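Quick notes on the structure that follows.
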Amino acid sequence: MRKKARSRNTSLGSDQRAGDESGSDDLFDSGSDEEGLSGEESSDELDLNEDDIPVTGFAVASNKRNADFHELFPSIPEGDYLIDDYGCALQREILIQGRMYISENHVCFHANIFGWITDLCIPMYDITSLEKKMTAFVIPNAIQLNTRKAKYTFASFLSRDTTFDVIYNIWRLARPENSSLGRPSLEDGAENEGVGQNGEAGGEGGKKKGKKVTQCACMKNGDHFAETAMDVILPGTPEKIYNLMFASGFVKEFMVQDQKLQDIQISDWMASSENPNALARNMSYIKPLSGGLGPKQTKCELRDETLHCDFDDYVVMLTTTRTPDVPSGNVFSVKTKTCMMWASNVSTRIIVTSQVEWTGRSFIKGIIEKSCIDGQKTYHSELDTAMRTYISHHQSEFIPQGMDADAAIAEGEEDSELPSSGAGPAADAADAAKKRSEPGNQRGLQWAWDTFGGAYKVGKQSAVGAIELLQDAWEQSTTTTILYFVVIFLVISNIYSLTIVGKREEIGRRKEMRRTDEREKWVQGVVTALWEELAAGRSVPAIRASDDWRGEIVEINKALDALDTRVQSLRESIKDLD
C-alpha cells in the first residue's frame with residue numbers, strides 16, 4: 001500500500017515527536033506556520049513521489065535552510081531534507097568549531113575557520129552506535145558516532161541531550177536492528193536525564209515539573225565581590241548557559257568579531273592543581289587600547305576555574321585576569337566571579353561580580369581600579385547583548401518548542417524572588433581594609449619606578465614605530481623620491497649650519513665688545529692714575545732753605561728716589577697696555 005505524499009514543512013508522523021526539541025526554523029529563519037502553508041501551495045514543494053520522502057517523525061527545516069544545506073553539501077541528494085542544525089566542534093588534534101547538520105539520511109559537519117574548510121558527511125546507515133561523552137571528564141557536552149571504520153566525536157554542544165535524541169530517533173529508523181545498542185538505559189542516572197521513553201526530553205528540552213529557583217552559596221553567605229558587572233536572566237538552563245559561555249566557540253567568536261582581540265590562545269580544561277575535583281584552563285590574547293598616549297595594545301592572561309558545578313543547583317566560575325605589561329601590572333589582578341543559577345524552569349540568572357586584588361603598592365591605585373571595573377562592566381554588557389542575539393537566533397537549543405524567549409525571561413523574573421547581588425559583609429570588609437591601608441614609604445619609589453617604566457616603554461615603542469615607518473617609506477620609494485628627500489635634507493642641514501654659525505659669530509662679537517669695553521675702562525683708570533701721580537709730584541713741598549746744605553741734599557735725593565719709583569711703576573703700566 002502506497003503512502004500519501006506529505007509536505008516538507010509538516011510533521012511526517014503523529015506517533016513521533018513533531019520537532020519538539022529540534023526547532024525547525026532557528027538558524028536562518030524563525031519558525032513559521034505560514035511559511036509551511038505557503039510551501040504547500042508553492043512550486044518549491046515540487047512533485048515528488050511518496051517514496052521519495054522517508055517518514056522520520058520530525059518536521060523538516062524550511063525551504064531556505066534546506067537549500068543552504070544542499071549548497072554546503074552538494075553530494076547529498078535533493079530528496080534528503082534537512083531536519084535541524086546545531087553548533088558544535090569536531091574533536092581531532094584540535095577542536096574544529098562549526099555546525100552539525102542532521103538530515104533524514106545523513107549527519108554532516110561544516111566548518112570554515114579563516115578560509116580552512118572542513119566538511120564531513122556520515123550516512124545514518126553507516127552508524128553502528130551512539131554514545132554520550134564528556135569533555136574534561138565532567139562536562140556533559142559531547143556525542144560520539146561510531147561506524148565500522150572510524151569514530152567521530154563532536155563536543156561543545158549547548159544542548160547535548162536534545163541533539164542526541166534527534167540523531168537517535170532518526171538513526172533507529174535507518175538501523176532498527178541495532179538501535180538498542182546506542183540507546184542509553186533510563187537507569188544510567190544524570191547522564192541520560194534528557195531522554196524519555198518516547199524519545200522526549202524530560203530534562204533539557206521539556207519543561208520541568210514544579211517551580212525551580214536556586215541560589216548560589218556566595219549569595220547566601222554574602223561572598224560576592226564588591227562590584228556587580230552583570231545581573232541578568234536569560235532563557236535556557238544553567239547547563240546550556242554554562243556551555244554557551246565556557247564550553248563552546250561562541251565566546252571566542254565574540255572576542256574576535258566584537259571585541260577585536262588578537263592572538264587568542266585557549267588551553268583545554270584540566271584538573272586544577274589547587275583542587276583536583278575542580279577544572280581550570282588558561283587563556284591569553286592581545287587587547288587593543290584606545291588611549292591617545294601610551295601603547296596601542298597589551299597582553300592579557302586569564303585563568304578560568306570551576307569553584308562549584310552542579311547543573312541541578314548552581315554553577316560558580318572564577319576568572320583571574322592579569323595584564324603584566326601595563327604600569328603596576330605585576331602587583332594587581334582582576335578577580336571575576338560568574339554565578340549561574342535557576343531563575344525558573346526555563347531560564348537562568350547570571351550574576352557577575354568583580355574586584356581588583358593587590359599584592360603590592362601603586363601610586364595610581366585608584367585610577368587602575370576604576371579602569372578595571374569599568375572595563376568589566378563594559379565587556380559583560382556587550383557579552384549580554386551578544387548572548388541574547390545568539391539565543392534569539394537559536395531558540396530551539398535553549399527553550400522548549402513553542403515558547404518565546406521573552407516569555408521565558410518574564411517567567412524567570414516572576415518566579416525568582418532572589419535578593420540583590422550585593423556583596424554583603426565582604427564588601428564592608430573590603431571597604432574597611434581600603435580605609436585602613438596607608439601608602440607607606442615605598443609609595444614614592446613605586447611611583448618613580450612606574451613612571452620610568454611607562455616612559456621607557458612609550459619611548460621604545462615610538463622609536464620602533466618611527467624606524468618601521470622609515471623602512472616602509474624607503475622600501476616603497478622610487479629613485480626620484482629618494483633624491484627629493486636627500487635634497488630636502490641637505491637644504492635643512494645647510495640652514496641649520498648657517499643658523500648655528502650665525503649664533504656663534506654673534507656670541508663672539510658680543511664677547512669681543514665686552515673685552516674692548518673692559519680694556520678702555522682699564523686704560524682710563526691707568527691714565528687717571530698717571531695724572532694723579534703727576535699732580536702728586538707737582539705738589540711736592542718746596543725744599544726749605546737751610547744752613548745745613550748736607551741735610552738739604554739728603555731731602556732732595558729722597559724726593560728724587562720717590563719720583564723714580566713712581567715713574568717706574570707708570571712705565572710698567574704702559575708696557576701692560578702694549
Side-chain angles (χ1 to χ4, degrees), residues 223-230 255 259-267 274 280-305 317-338 352-383 423 426-465:
D223 292 337
H224 281 158
F225 291 142
E227 300 290 340
T228 302
M230 183 170 68
M255 290 179 174
Q259 301 296 304
K260 308 303 180 183
L261 305 181
Q262 305 171 6
D263 193 20
I264 301 176
Q265 304 291 332
I266 304 177
S267 69
E274 293 81 4
R281 72 176 179 184
N282 296 320
M283 183 189 309
S284 65
Y285 53 78
I286 303 299
K287 180 179 181 180
L289 301 178
S290 58
L293 299 177
K296 299 300 181 183
Q297 61 185 20
T298 185
K299 183 178 181 181
C300 298
E301 299 174 353
L302 287 78
R303 180 175 176 83
D304 294 325
E305 299 177 77
M317 301 294 297
L318 178 65
T319 302
T320 304
T321 306
R322 303 181 186 277
T323 50
D325 295 338
V326 303
S328 300
N330 57 338
V331 296
F332 79 91
S333 61
V334 182
K335 298 283 187 178
T336 303
K337 187 179 293 185
T338 304
V352 181
T353 56
S354 182
Q355 72 180 26
V356 181
E357 292 190 356
W358 295 87
T359 57
R361 302 180 185 274
S362 175
F363 180 73
I364 54 176
K365 182 177 181 180
I367 298 176
I368 290 177
E369 289 186 347
K370 184 179 184 304
S371 176
C372 291
I373 298 302
D374 291 345
Q376 288 292 325
K377 291 181 179 179
T378 301
Y379 172 82
H380 284 92
S381 175
E382 296 174 355
L383 177 62
D428 298 337
D431 293 338
K434 289 181 180 179
K435 293 179 180 179
R436 289 194 302 267
S437 63
E438 297 179 356
N441 296 329
Q442 296 181 353
R443 181 174 180 179
L445 182 61
Q446 180 67 41
W447 172 83
W449 175 256
D450 292 340
T451 303
F452 174 76
Y456 171 75
K457 290 180 180 178
V458 171
K460 181 179 178 181
Q461 292 184 355
S462 299
V464 171

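Remember, predicted model here, so these are calculated numbers, not experimental data.
Between Lys299 and Pro324, every side-chain heavy-atom pair lies at or beyond the 4.5 Å cut-off. Residues Glu369 and Phe332 have side chains not in contact (no heavy-atom distance under 4.5 Å, counting atoms from C-beta outward). The shortest distance between side-chain heavy atoms of Thr336 and Tyr379 does not fall below 4.5 Å.
Taking each heavy atom of Pro327 and Ile368 in turn, the nearest pair found is O-CD1, 3.8 Å. In this structure, Asn330 and Thr359 approach most closely via the heavy-atom pair O-OG1, 3.9 Å. When every heavy atom of Lys337 is checked against every heavy atom of His224, the shortest pair comes out as CD-CD2, 4.4 Å. The heavy-atom pair separating Ala226 from Gln355 by the smallest distance is N-OE1, 3.7 Å.
In this structure, the side chain of Thr298 does not engage the main chain of Asp325 through any donor-acceptor pair within 3.5 Å. Formation of a donor-acceptor pair under 3.5 Å by the Lys287 side chain with backbone atoms of Thr323 is not found in this model.
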- Asp263 and Gln265: CA distance, side-chain angles, deciding distance, side-chain contact (heavy atoms from CB on, under 4.5 Å) verdict: CA-CA 6 Å; Asp263 193 20; Gln265 304 291 332; 3.0 Å; yes

- side-chain contact (heavy atoms from CB on, under 4.5 Å) evaluation trace for Phe225 with Leu318: CA-CA 11 Å; Phe225 291 142; Leu318 178 65; 3.9 Å; yes

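Residues satisfying the salt bridge (charged side-chain N to carboxylate O under 4.0 Å, His left out) criterion with Arg281, sequence neighbours excluded, are Asp304.
For the side chain to side chain donor-acceptor pair (under 3.5 Å) with Lys335, the lone residue among Thr321, Thr353, Thr319, Thr320 that qualifies is Thr320.
Pairs passing the salt bridge (Lys or Arg N to Asp or Glu O under 4.0 Å) check and including a residue from residues 372-381, sequence neighbours excluded, read Glu227-Lys377, Lys370-Asp374.
Between the SG atom of Cys300 and the CD1 atom of Ile286 there is a distance of 8.0 Å, given to the nearest 0.5 Å. In this structure, Ser267 OG and Arg303 CZ are separated by 8.0 Å, a value rounded to the nearest 0.5 Å.
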